Amino acid sequence: NFLADPADVRTWNLQELPTDEFSTENGVLVTRGRRWPLMIDPQNQANKWVRKMEAKNEVSIFDPNTKDYMRIVERAIEWGKPTLMENVKEDLDPSLEPVLAKNIISAGGSMSIKIGENVLDYNPNFRFYL
């Protein structure tokens, strides 16, 4: 509980994160972790929570079979929007590697990321949920 602000926890619960301690701990990891969260979610509770939590930020939702999903990811990186990749299997497209590894390049006060041949401006408000 010391890592979670009670007001944040209450907001998460209103956004349909279950009220049990385990879910709260996972909420802390999802919102405060340095890496993008991979959520094993057989009951779709985390999925529903992320959708509600990020709705005001215009979350983009897609799965690995979505046509041109890398374009969705690239636009979200540039515009600082959240993305939720659903139904992730054991193997991910290697082109996601720089995003997953957060290979952010800082130069002259700006941030960028290289994805394939493209160098994109990196907006620090970007979030990626799997």
Side-chain angles (χ1 to χ4, degrees):
N1 279 346
F2 69 92
L3 290 176
D5 180 329
D8 288 341
V9 173
R10 179 72 181 131
T11 300
W12 298 342
N13 296 148
L14 291 172
Q15 295 165 335
E16 296 191 27
L17 183 71
T19 57
D20 62 280
E21 190 172 321
F22 185 69
S23 295
T24 300
E25 289 171 0
N26 284 326
V28 170
L29 292 172
V30 166
T31 58
R32 291 181 176 61
R34 291 188 305 165
R35 296 192 172 260
W36 305 125
L38 171 62
M39 299 171 288
I40 314 277
D41 189 26
Q43 296 175 328
N44 257 358
Q45 293 173 326
N47 187 308
K48 284 192 284 189
W49 172 57
V50 167
R51 285 170 178 258
K52 287 206 175 215
M53 178 178 63
E54 294 291 6
K56 66 185 177 303
N57 298 317
E58 302 171 14
V59 62
S60 296
I61 301 163
F62 58 93
D63 67 35
N65 297 320
T66 301
K67 187 178 191 292
D68 291 331
Y69 74 82
M70 282 306 296
R71 217 174 185 60
I72 296 169
V73 173
E74 290 173 357
R75 295 298 78 74
I77 287 170
E78 292 177 320
W79 298 337
K81 298 291 183 183
T83 58
L84 171 60
M85 186 178 205
E86 301 178 314
N87 304 317
V88 174
K89 304 294 183 213
E90 290 179 27
D91 296 318
L92 288 171
D93 185 338
S95 59
L96 282 171
E97 177 59 29
V99 179
L100 296 173
K102 291 189 174 180
N103 290 341
I104 301 164
I105 304 159
S106 294
S110 67
M111 296 187 296
S112 59
I113 188 168
K114 185 173 184 181
I115 299 176
E117 297 299 314
N118 301 327
V119 177
L120 309 171
D121 289 333
Y122 183 87
N123 186 316
N125 293 323
F126 169 71
R127 286 177 302 287
F128 193 36
Y129 303 94
L130 300 144

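In this chain, numbering begins with 1 at the start of the sequence shown. Please read all numbers here as calculations on a predicted model, not as lab measurements.
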Ring pair (Phe, Tyr, Trp, His ring centres under 6.0 Å) contacts in which one or both residues fall within residues 37-59, not counting sequence neighbours: Trp12-Trp49
Treat each ILVMFWY residue as a node, draw an edge where side-chain heavy atoms are under 4.5 Å apart, and state whether [X] and [Y] are in one component.
X: Tyr129; Y: Met85; value: no
X: Trp79; Y: Val50; value: no
X: Val59; Y: Met70; value: no
X: Met39; Y: Phe128; value: no
X: Ile72; Y: Phe126; value: yes

query: Does any pair with a residue in residues 27-37 pass side chain to side chain donor-acceptor pair (under 3.5 Å), and if so which ones, sequence neighbours excluded?
result: Asp8-Arg32
- prompt: What pairs of residues pass the side chain to side chain donor-acceptor pair (under 3.5 Å) test when at least one of them lies in residues 86-97, not counting sequence neighbours?
  reply: Asn47-Glu86, Arg51-Glu86, Tyr69-Asp93, Asp93-Ser95
- prompt: Taking only residues two or more places apart in sequence or in another chain, which ones pass salt bridge (charged side-chain N to carboxylate O under 4.0 Å, His left out) with Arg75?
  reply: Glu78
Contacts of type salt bridge (charged side-chain N to carboxylate O under 4.0 Å, His left out), residue Glu25, not counting sequence neighbours: none
Hey, could you give me the [atom1]/[atom2] distance between [X] and [Y], rounded to the nearest 0.5 Å?
X: Asp41; Y: Asn26; atom1: CG; atom2: CG; answer: 10.0 Å
X: Glu58; Y: Lys81; atom1: CD; atom2: NZ; answer: 4.0 Å
X: Asp20; Y: Gln45; atom1: CG; atom2: CD; answer: 7.5 Å
X: Leu14; Y: Lys52; atom1: CG; atom2: NZ; answer: 10.0 Å
X: Thr66; Y: Ile61; atom1: OG1; atom2: CD1; answer: 10.5 Å
X: Leu29; Y: Thr24; atom1: CG; atom2: OG1; answer: 11.0 Å

message: Tell me whether Lys102 contacts the main-chain N or O of Val99 through its side chain, where contact means a donor paired with an acceptor under 3.5 Å.
response: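 Answer holds: no.
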- prompt: Is there a donor-acceptor contact under 3.5 Å from the side chain of Thr11 to the main chain of Ala7?
  reply: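 Flag set: sc Thr11 to bb Ala7 pair under 3.5 Å.
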Which donor-acceptor pairs under 3.5 Å do side chains of residues 104-123 form with protein atoms, sequence neighbours excluded?
residue	atom	partner	partner atom	Å
Ser110	OG	Ala107	O	3.1
Asn123	OD1	Asn125	N	2.9
Asn123	OD1	Asn125	ND2	3.4

- prompt: Is Lys56 atom NZ crowded by more than 12 heavy atoms from other residues, nucleotides or ligands, each under 6.0 Å away?
  reply: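 Yes, NZ of Lys56 has more than 12 neighbouring heavy atoms, counting only those of other groups under 6.0 Å.
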field: Distance-minimising heavy-atom pair for Pro94 and Pro98
entry: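 The answer is O-CD, 4.2 Å.
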